[in-house]
Amino acid sequence: MQVPFLDLKIQYKSIKQEVDPAIQKVIDNTAFILGESVSNFEKAFAEAHNVKYCLGTSSGTDANHLVLWSLGIKSGDEVIIPANTFIATAWGVTLCGAKPVFVDCHPESYNLDPAKVEAAITPKTKAIVAVHLYGQPADMNKLQEIADRHNLFLVEDAAQSHLAEYESKKIGTLSSASSFSFYPGKNLGAYGEAGAVVTNDDNLYNVLKMMREHGQSKKYYHDTFGHNYRMEGIQGAVLGVKLKHLDKWTDGRRNAAAKYRELLKDIEQIQLPKEMSNVKHVYHLFVIQVKGDEKNREEERNKLQQFLTENGVATGLHYAIPLHQQKCFQDLGYKKGDFPVTEQLAESGLSLPMFPELTYEQISYVTDKIKEYFTK
Ligand SMILES: *Cc1c(COP(=O)(O)O)cnc(C)c1O
């Protein structure tokens with residue numbers, strides 16, 4: 001049996017009847033940039049997250065930049081982000097000319113560890129970016145307390161956590177502004193590049209809206225700096241159709257995660273991901289850890305991955321090299337050992353196949369192979 005890491009084709013086939021005409025309509029109307037399909041989607045996405053405003057953007061990375069840029073983050077400022085995240089979280093900071101300051105993740109949530117944030121704050125710190133990684137919300141109450149105490153902005157990178165909840169509230173609404181990605185492989189994926197920013201703040205919305213489109217208040221009146229970060233009409237149309245199915249697809253992911261947990265619970269050699277008690281996790285990824293000491297855990301993980309690959313099961317590493325160990329951030333002066341929890345996850349973490357349409361047969365094949373590996 002072959003189990004792909006992700007299968008976008010099944011989902012396309014299931015909505016082809018709806019999505020093809022929606023795309024055709026954009027082409028018929030030649031409404032290629034923003035337009036009705038994007039504003040309809042923005043309205044629906046804002047409603048789904050119980051937030052006042054949503055602005056469609058050209059990507060999640062651009063949304064990350066737009067959020068920090070609109071808050072006035074600039075050269076000389078520092079912004080705290082987790083060491084354990086996708087690199088685009090850091091680009092939001094560097095594109096503002098500011099310096100990313102990394103903080104280790106929590107051993108259970110894998111998100112920014114609030115207990116370690118305060119030690120990283122300096123007089124230059126302006127903001128904290130909470131990333132809801134793998135689909136699990138970060139500890140927003142504790143992070144908000146810290147942000148308030150030090151007069152910092154708190155924002156969310158929600159690229160992996162559409163419709164996730166923290167204390168029964170939708171993520172994306174728990175800070176000044178939040179960025180989403182609709183990269184095709186995300187929980188809500190476009191048919192190309194796309195992202196969004198959501199906020200409840202009227203003033204910030206006006207600034208964001210200008211900045212997304214060349215800083216203009218009306219055509220050719222450029223009141224502020226900006227860029228071209230607009231969403232394409234076709235992406236708005238695709239996302240509008242797909243958003244209607246997102247609750248069902250989220251259930252599919254949560255059911256797949258529950259089956260993995262059930263079938264893997266007795267394997268001593270691995271650690272399953274924890275779901276924190278006050279959240280609704282939306283399982284963008286299901287990341288297990290292969291137990292082992294510091295010397296052999298990476299090798300043990302790689303051997304399991306190799307065995308699964310040979311048996312037709314595709315897996316991923318999220319993320320194999322933490323941000324502080326990336327070559328591009330060498331000048332920041334971090335070294336191996338600075339963030340032990342993040343480093344452990346990088347060396348022992350393995351992401352299992354995860355998508356809403358994963359079948360019980362596929363899941364039990366994956367878990368049987370994992371059992372076979374550890375008993376042979
Ligand atoms: C995917 C992702 C992004 C970037 O989104 P793009 O749409 O690919 O630019 C940002 N942050 C995180 C945590 C992501 O996973």
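Ligands are counted one by one from 1 in listed order, and the atoms in each one are counted from 1 as well.
- Within ligand 1, counting atoms from 1 as listed, the ones closer than 4.0 Å to a heavy atom of Asn64 are 10 (C), 11 (N).
- Applying the 4.0 Å criterion to heavy atoms of Thr85 picks out, from ligand 1, the atoms 13 (C).
- Using a 4.0 Å cut-off between heavy atoms, Thr61 contacts ligand 1 through both its backbone and its side chain.
- Those atoms of ligand 1 that come under 4.0 Å of a heavy atom in Ala88, given as number and element, are 3 (C), 4 (C), 10 (C).
- In this structure, His132 has its ring center no closer than 6.0 Å to that of Tyr166.
- Considering backbone and side-chain atoms together, Glu193 places no N or O closer than 3.5 Å to any N or O of ligand 1.
- The N/O atoms of Phe86, backbone and side chain alike, include none that comes under 3.5 Å of an N/O atom in ligand 1.
- When the shell of 6.0 Å around CZ of Phe355 is examined, it contains more than 12 heavy atoms from other residues, nucleotides or ligands.
- At most 12 heavy atoms of other shown residues, nucleotides or ligands fall within 6.0 angstrom of atom CD1 in Ile321.
- For atom 2 (C) of ligand 1, the candidate residues are Lys186, His284, Gln160; the nearest heavy-atom contact is made by Lys186.
- Note: Phe182 and Phe41 have perpendicular aromatic rings, judged against thresholds of 30 and 60 degrees for the angle between ring planes.
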Requested in this report: Take Phe329 and Tyr334 through the ring-ring contact (aromatic ring centres under 6.0 Å, His included) test and state the conclusion after the steps.
Outcome: CA-CA 8 Å; Phe329 291 131; Tyr334 293 100; 8.6 Å; no
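- Nearest protein neighbour of atom 11 (N) of ligand 1, counting heavy atoms only, is Asp157 OD2, 2.8 Å.
- A parallel orientation is assigned to the rings of Tyr260 and Phe286, their planes being inclined by less than 30° (bins at 30° and 60°).
- Taking the ring centre of Phe307 as origin, the terminal cationic atom of Lys376 falls inside the region bounded by 6.0 Å and 45° from the ring axis.
- With ring centers used as reference points, His214 lies 6.0 Å or more from Tyr220.
- Considering only non-hydrogen protein atoms, atom 12 (C) of ligand 1 sits nearest to Ala159 CB, 3.4 Å.
- Neither the backbone nor the side chain of Asp62 has a heavy atom within less than 4.0 Å of ligand 1.
- Considering only non-hydrogen protein atoms, atom 7 (O) of ligand 1 sits nearest to Ser181 OG, 2.6 Å.
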